[in-house]
Participant: 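Here's a structure for you.
Just so you know, ligand 1 is whichever comes first in the structure, and atom 1 is the first atom listed for that ligand. As the structure is a prediction and not an experimental result, all values here were calculated from the model.
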Amino acid sequence: MAVSFAAVNLRTMALRSSSKLLRRSSHLLPPIHMQHSAPPLTRKISMDARSIASQLNRSGLLKTQGLIGGKWSDSYDGKTIQVYNPATGESIADVACMGGKETNDAIASAYDAYRSWSKTTAAERSKLLRKWYDLLMAHKEELAQLMTLEQGKPLKEAMGEVNYGAGFIEFSAEEAKRIYGDIIPAPMSDRRLFVLKQPVGVVGAITPWNFPLAMITRKVGPALACGCTVVIKPSELTPLTALAAAELAIQAGIPAGAVNVVMGNAPEIGDALLASPQVRKITFTGSTAVGKKLMAGSAETVKKVSLELGGNAPCIIFDDADIDIAVKGTLAAKYRNSGQTCVCANRILVQEGIYDKFAKALIDAVRNMKVGDGFGEDVVQGPLINEAAVKKVETLLQDATSKGAKVMLGGKRHSLGFTFYEPTVVGDVNSDMRISREEVFGPVAPLLRFKTEEDAIRIANDTNAGLGSYVFTNSIQRSWRVAEALEYGLVGINEGVISTEVAPFGGFKQSGLGREGSKYGMDEYLEIKYVCLGNMKKE
Ligand code: NAP
């Protein structure tokens with residue numbers, strides 16, 4: 001399929017963004033005729049996105065078709081969807097818009113490939129995964145450029161995501177060789193009891209747009225290492241990075257059908273994955289609402305399910321914190337990826353004795369953040385993913401200010417226009433405001449005041465989410481007490497960026513099920529089989 005660089009079409013993009021949001025949370029949307037409040041985009045970007053796309057096209061990494069059974073394929077009805085650069089509104093490429101039929105074929109290919117892939121030795125799988133890792137790292141720059149183009153994050157952050165994302169493939173290559181079973185002491189002398197660990201089967205992996213590479217490798221690495229095969233469904237907003245990673249998997253020699261990619265009509269693809277008895281596992285990263293649907297839909301065929309869902313991370317700053325460390329950590333935990341991560345600090349709880357000092361230091365630091373196109377020099381904050389994301393930030397901020405919160409910095413669309421939003425700090429927030437109860441998913445830091453350690457723990461735990469959390473204190477005793485009391489899967493103490501492939505990532509409560517990364521992440525793709533060898537008497 002030829003890659004087309006369609007002209008800027010802001011209206012199409014606004015409508016598309018809004019129809020996607022309608023599918024998800026219609027209460028956030030104003031009527032269509034009110035959706036063009038963003039200033040028109042006439043800006044010149046710092047680096048010509050088209051020339052980057054052309055370079056990528058020449059490198060063979062700008063793929064626009066789905067991958068089924070080792071073959072690149074258009075959608076069967078020829079439909080395409082456009083992928084946009086959120087920094088400019090320009091269309092980057094038209095990609096195949098697939099649905100149920102293509103997904104069923106991808107499942108059949110994965111099922112076929114499973115027969116042989118699951119029989120390969122751990123050493124063979126490890127070698128191929130290692131090759132894939134090497135290729136991802138060799139193409140780090142192109143992958144990062146693709147990510148900045150379709151997702152908007154600053155290039156430096158995108159390079160960081162390639163390191164992080166490729167790390168899951170490297171870790172899985174190593175861990176493939178360490179999938180041990182057990183021998184259990186038998187209660188009867190003529191028996192021997194064994195535990196075997198075997199791959200779960202075909203895996204459906206559905207991923208979001210905010211980490212276009214890492215959310216895929218975090219699933220596909222361990223799945224392949226364990227002997228499973230996969231059908232990946234990346235977000236329609238960021239399929240290009242996923243397709244480039246799949247191309248590199250082929251180049252690494254991962255056999256046809258072991259990795260398939262379909263994208264387009266999400267509900268149709270999801271339904272096909274759920275309905276198939278051949279798909280034995282669904283692994284999903286995305287919103288809690290869609291995660292619940294997938295969990296319910298998996299019941300019919302009793303699939304194994306892992307869910308990495310939304311968060312509402314508290315970031316607790318105690319009076320005894322080192323203020324420089326607390327500000328640095330909060331900046332990283334809040335504003336990374338323009339605030340669009342599931343572990344982004346969503347509520348900054350500040351003890352009353354340090355509140356004013358911390359607020360001032362945070363505002364001084366945030367004021368210096370450079371906003372712009374992700375390819376621009378020194379840019380640390382890119383655009384939000386789409387118009388719907390900006391509307392959500394505006395709605396939550398408006399609700400907060402109408403209930404007494406005070407904007408201390410920012411608080412509006414950036415003068416760059418389009419989906420750029422000013423890095424914002426808002427004070428006097430309380431737990432009743434929507435901004436404290438829903439993911440902001442934008443560059444807004446809401447400050448809440450608290451009195452005691454017990455108050456902080458109570459406020460922090462007063463949510464259905466339980467993914468990331470952060471604590472800033474100089475007391476070792478307090479850090480242990482609070483870490484143990486927080487109902488969260490991840491706790492960062494005096495640190496704002498804690499994700500790594502070697503540690504388990506996952507949530508408590510409605511933030512999800514299961515863990516990704518580390519040795520614990522492997523278990524999600526394994527079945528445990530108990531074998532009893534009886535009648536051991538001499539023949
Ligand atoms: P989303 O709307 O739930 O989408 C996630 C994926 O699900 C996308 O590929 C989407 O496809 C697909 N999808 C949507 N409806 C579906 C359906 N009915 N059946 C099957 N698939 C369906 O979430 P998002 O807006 O992309 O991502 C943001 C959310 O992800 C936030 O809540 C964030 O906290 C969460 N997240 C969690 C983690 C974690 O590790 N816990 C990490 C990153 C993000 P399309 O995009 O093509 O519509």
Participant: Looking at L467, which atoms of ligand 1 are within less than 4.0 Å of one of its heavy atoms?
Facilitator: 41 (N)
Participant: Going by the order shown, which atoms of ligand 1 are within less than 4.0 Å of some heavy atom of G270?
Facilitator: 19 (N), 20 (C)
Participant: Could you list the atoms of ligand 1 found under 4.0 angstrom from a heavy atom of P208?
Facilitator: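 Near P208, meaning under 4.0 Å from one of its heavy atoms, ligand 1 has 26 (O), 27 (O), 43 (C), 44 (C).
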Participant: Please check whether S235 reaches ligand 1 - meaning an N/O of the residue sits under 3.5 Å from an N/O of the ligand, judged on distance alone.
Facilitator: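 N/O-N/O distance below 3.5 Å exists for this pair.
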Participant: I want to know if ligand 1 touches K293 in the polar sense, i.e. an N/O pair below 3.5 angstrom.
Facilitator: no
Participant: Taking both backbone and side-chain atoms of N210, is any N or O found less than 3.5 Å from an N or O belonging to ligand 1?
Facilitator: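 No.
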Participant: Considering distance alone, does some N or O of T288 sit under 3.5 Å from an N or O of ligand 1?
Facilitator: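 T288 vs ligand 1: no N/O contact under 3.5 Å.
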Participant: Within the 4.0 Å heavy-atom shell around P267, which atoms of ligand 1 are there?
Facilitator: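 Counting atoms of ligand 1 from 1, those under 4.0 Å from P267 are 17 (C), 18 (N), 19 (N).
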Participant: Please identify which atoms of ligand 1 are closer than 4.0 Å to at least one heavy atom of G310.
Facilitator: 32 (O), 34 (O)
Participant: For S511 and G310, indicate whether the former's side chain and the latter's backbone hold a donor-acceptor pair under 3.5 Å.
Facilitator: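 Checking the backbone N and O of G310 against the side chain of S511, a donor-acceptor pair under 3.5 Å is found.
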Participant: Checking side-chain polar atoms at under 3.5 Å, does K219 have a donor or acceptor matched by the opposite partner on T285?
Facilitator: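 The criterion, which ignores hydrogens and geometry beyond distance, is satisfied for T285 and K219.
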Participant: Return yes or no for this condition: an N or O of T285 is under 3.5 Å from an N or O of ligand 1.
Facilitator: no
Participant: Would you say that more than 12 heavy atoms from the other residues, nucleotides or ligands in this model lie under 6.0 Å from the CE of M295, or not?
Facilitator: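 No.
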Participant: Y520: what forms a side chain to side chain donor-acceptor pair (under 3.5 Å) with it, not counting sequence neighbours?
Facilitator: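 If we apply the side chain to side chain donor-acceptor pair (under 3.5 Å) test to Y520, skipping adjacent residues, there are no hits.
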Participant: Taking the six-membered ring of Y525, is NZ or CZ of K281 closer than 6.0 Å to its centre and within 45° of its axis?
Facilitator: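 Yes, K281 lies over the aromatic ring of Y525.
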Participant: Does the side chain of E308 come within less than 4.5 Å of F505's, by heavy atoms?
Facilitator: yes
Participant: Give the numbers and elements of all ligand 1 atoms closer than 4.0 Å to a heavy atom of W209.
Facilitator: 24 (P), 25 (O), 26 (O), 27 (O)
Participant: Just go through F441, F284, F505, F211 and tell me whose heavy atom is the nearest to atom 5 (C) of ligand 1.
Facilitator: F284
Participant: Thinking salt bridges, do D462 and R437 make one under a 4.0 Å N-O criterion?
Facilitator: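 Yes.
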Participant: Where on M215 is there a heavy atom closer than 4.0 Å to ligand 1, on the side chain, on the backbone, on both, or on neither?
Facilitator: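 It is the side chain that touches ligand 1; the backbone stays farther off.
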Participant: Counting only heavy atoms closer than 4.0 Å, does ligand 1 sit against the backbone of M263, its side chain, both, or neither?
Facilitator: neither
Participant: Would you call K153 and E157 a salt bridge, using N to O less than 4.0 angstrom?
Facilitator: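 No.
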Participant: Looking only at non-hydrogen atoms, which of G506, S499, G286, S287 approaches atom 3 (O) of ligand 1 most closely?
Facilitator: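 Residue with the shortest heavy-atom distance to the ligand atom: S287.
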Participant: Residue-level breakdown please: for Q340 versus ligand 1, do any non-hydrogen atoms fall below 4.0 Å on the side chain, on the backbone, on both, or on neither?
Facilitator: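 It is neither; nothing of Q340 touches ligand 1.
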Participant: Could you tell me whether the side chain of K233 and the main chain of T103 form a donor-acceptor pair under 3.5 Å?
Facilitator: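 It does not hold such a pair.
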Participant: I'd like to check whether T207 has a polar contact with ligand 1, where a contact means an N/O of the residue lying under 3.5 Å from an N/O of the ligand.
Facilitator: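 Indeed, backbone or side chain, T207 has an N or O that close.
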Participant: My understanding is that only residues two or more places apart in sequence, or in another chain, count here; which of them pass salt bridge (charged side-chain N to carboxylate O under 4.0 Å, His left out) with K328?
Facilitator: none
Participant: Is the closest heavy-atom distance from R218 to ligand 1 below 4.0 Å?
Facilitator: yes
Participant: Output yes when R413 and E387 qualify as a salt bridge under the 4.0 Å nitrogen-oxygen rule, no when they do not.
Facilitator: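 A salt bridge is present here (some side-chain N lies under 4.0 Å from a carboxylate O).
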Participant: Between L309 and ligand 1, is there a nitrogen or oxygen pair with a distance under 3.5 Å?
Facilitator: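 Between L309 and ligand 1, an N or O pair is found under 3.5 Å apart.
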Participant: Do the charged groups of R218 and E501 touch, with an N to O distance under 4.0 Å?
Facilitator: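 No salt bridge links R218 with E501.
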